[in-house]
*Asks:* 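I'd like to ask you about the structure that follows.
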Amino acid sequence: MSGSSSTGAGAATVKKDRSHYLYIAVIVAVLAGITLGIVAPDFAVKLKPLGDLFVNLVKMMISPVIFCTIVLGVGSVASAAQVGKVGGLALGYFITMSTFALAIGLVVGNLIKPGEGLELTDKLASAGTEQVGEKESGWDFVLGIVPDTLVSSLTSGEVLQTLFVALLVGFALQAMGPGGQPILVGVGYLQKLVFRVLAMIMWLAPIGAFGAMAAVVGATGADALKSLATVMIAFYITCLLFVLVILGTLLRVVTGVSVFALLRYLAREFLLIVSTSSSESALPRLIAKMEHAGVSQTTVGVVVPTGYSFNLDGTAIYLTMASLFVAEAMGEPLSIGEQISLLVFMIIASKGAAGVSGAGLATLAGGLNSHRPELVDGVGLIVGIDRFMSEARALTNFAGNSIATVLVGHWTGTLDRAQLDAVLAGERPFDEATMVDDTPSDDDTPSDEEAPRPA
């Protein structure tokens, strides 16, 4: 048994070392992109398609990943009540933490008043107006959850549509009982294939990171950041304190798990988010890593995809601080009543903004347009640094969802604590090469159909 474990550990180490070079390459690419953006900004801006290409390749895999994960998670559970319990706890937690994030953003924004003294040019005003999209009513949102066809939910790119159809299929397979097992096995193999393809795509990460960073630095330049350093730094500090102090304390008190250990386990995902400015690029890896860390497939399948649409801690902080910033810069501060009504509206309207780079800016502009149209022009003030603030939003959203998954798993009794402790201690490394948790158990009887975790 010890010999087998040693062999398995050695194999895992080789794979980990190989992928380690990939993420070193990402760091080098980011630094090279920043350098090029400063030295040759005009040329650097033209490299933006490289970053867009990589993000689009990853986004191409999001719907298949979510579909397979939820179908397997829901379909393999004997009772629908367990899924309902997980979903109910998750939504309750999401609402509570979004409220905390909303309040923190309001407090910090009112304290620092970052928009005072800024001037709005006609060029910036037009940039803000361009961010306003078509208004969407509550019914439009509800109707938008239902796809045109069952299959189009996998091709539309809409996370909520994929989530909806995957839940329907999962519950249908659950109701079929033993008759649905062959289909579940097939979906399991499909999931392995999807993760293999995604692992191949990840090797293009350095190219995407280089293009994205070169383009944003070339477009904004260092001078554009200096005048708005106050709001940007304050936003980063607020997000950091929210994750480490509020969420970290909650995680420690409830489960005894160190937030630093969990974030260290997800370090490579954070690097990927920094290089792409989108938490969606790390969603498949979060699903795979949370399952490997001991959270049941059902809990991961419900909490993570749902959290990417509703657990928007970073976006909530951004919307509150950015709204106060714009109002101050325009010389029309928001009253407390206006702050509450406007920002609660935008939290609801931001249902899908967590994973898409730049979506927070459009959500901000749309919310201001619906409540205080005269403030929309002020959105142009933060267009230059939104890309950098988008990274903090994405990182905070991602950290919030990872912590939420562990908490909900603990509350529902679907967390293998021994596995989590071993993983966070580095004793059971994640298979970086395939992103599929195929680590054999101690009895060396792995199953292709079930892919059990090590005991």
Side-chain angles (χ1 to χ4, degrees), residues 22-23 25-60 118-133 157 201-233 235-236 270-282 318 322 325-326 329 353 355-365 376-395:
L22 168 63
Y23 289 93
V26 171
I27 295 176
V28 173
V30 168
L31 296 176
I34 293 174
T35 302
L36 181 63
I38 295 175
V39 175
D42 293 337
F43 175 73
V45 171
K46 298 178 182 179
L47 299 180
K48 186 176 184 295
L50 292 178
D52 294 340
L53 175 63
F54 174 72
V55 173
N56 288 341
L57 284 171
V58 175
K59 289 171 65 176
M60 173 182 72
L118 291 179
E119 295 182 0
L120 181 67
T121 64
D122 292 338
K123 181 178 180 180
L124 289 177
S126 62
T129 304
E130 289 175 0
Q131 295 297 325
V132 180
I201 293 175
M202 293 308 299
W203 285 97
L204 297 177
I207 297 176
F210 173 73
M213 294 306 298
V216 69
V217 175
T220 60
D223 292 338
L225 303 181
K226 293 178 182 178
S227 62
L228 301 171
T230 301
V231 67
M232 188 171 69
I233 293 174
F235 178 58
Y236 267 80
F270 284 111
L271 175 60
L272 180 61
I273 292 171
V274 168
S275 63
T276 62
S277 192
S278 171
S279 59
E280 195 171 51
S281 61
Y318 166 81
F325 168 77
V326 169
V356 184
S357 178
L361 186 63
T363 303
L364 170 64
V376 173
D377 289 347
V379 176
L381 285 167
I382 59 174
V383 169
I385 61 168
D386 180 73
R387 170 59 162 77
F388 295 94
M389 296 179 76
S390 178
E391 291 174 350
R393 288 199 303 269
L395 290 170

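Given the structure is predicted, the values throughout are model-derived calculations rather than measurements.
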*Asks:* Under the side chain to side chain contact (heavy atoms under 4.5 Å, CB included) test, which residues partner A40, sequence neighbours left out?
*Replies:* L36, F43
*Asks:* Show the nearest heavy-atom pair for residues A282 and I273, with the distance to one decimal.
*Replies:* CB-CG1, 3.9 Å
*Asks:* Quick one: side chain to side chain contact (heavy atoms under 4.5 Å, CB included) partners of L204, sequence neighbours excluded?
*Replies:* F54, L57, I207
*Asks:* Provide the closest heavy-atom pair for F235 versus A392 in the form atom of the first, atom of the second, distance.
*Replies:* CE2-CB, 3.5 Å
*Asks:* Restricting to pairs with a member in residues 35-49, which pass side chain to side chain donor-acceptor pair (under 3.5 Å), not counting sequence neighbours?
*Replies:* K48-D52
*Asks:* Looking at every non-hydrogen atom in both residues, tell me the closest pair between A44 and G37 and how far apart they are.
*Replies:* CB-CA, 3.7 Å
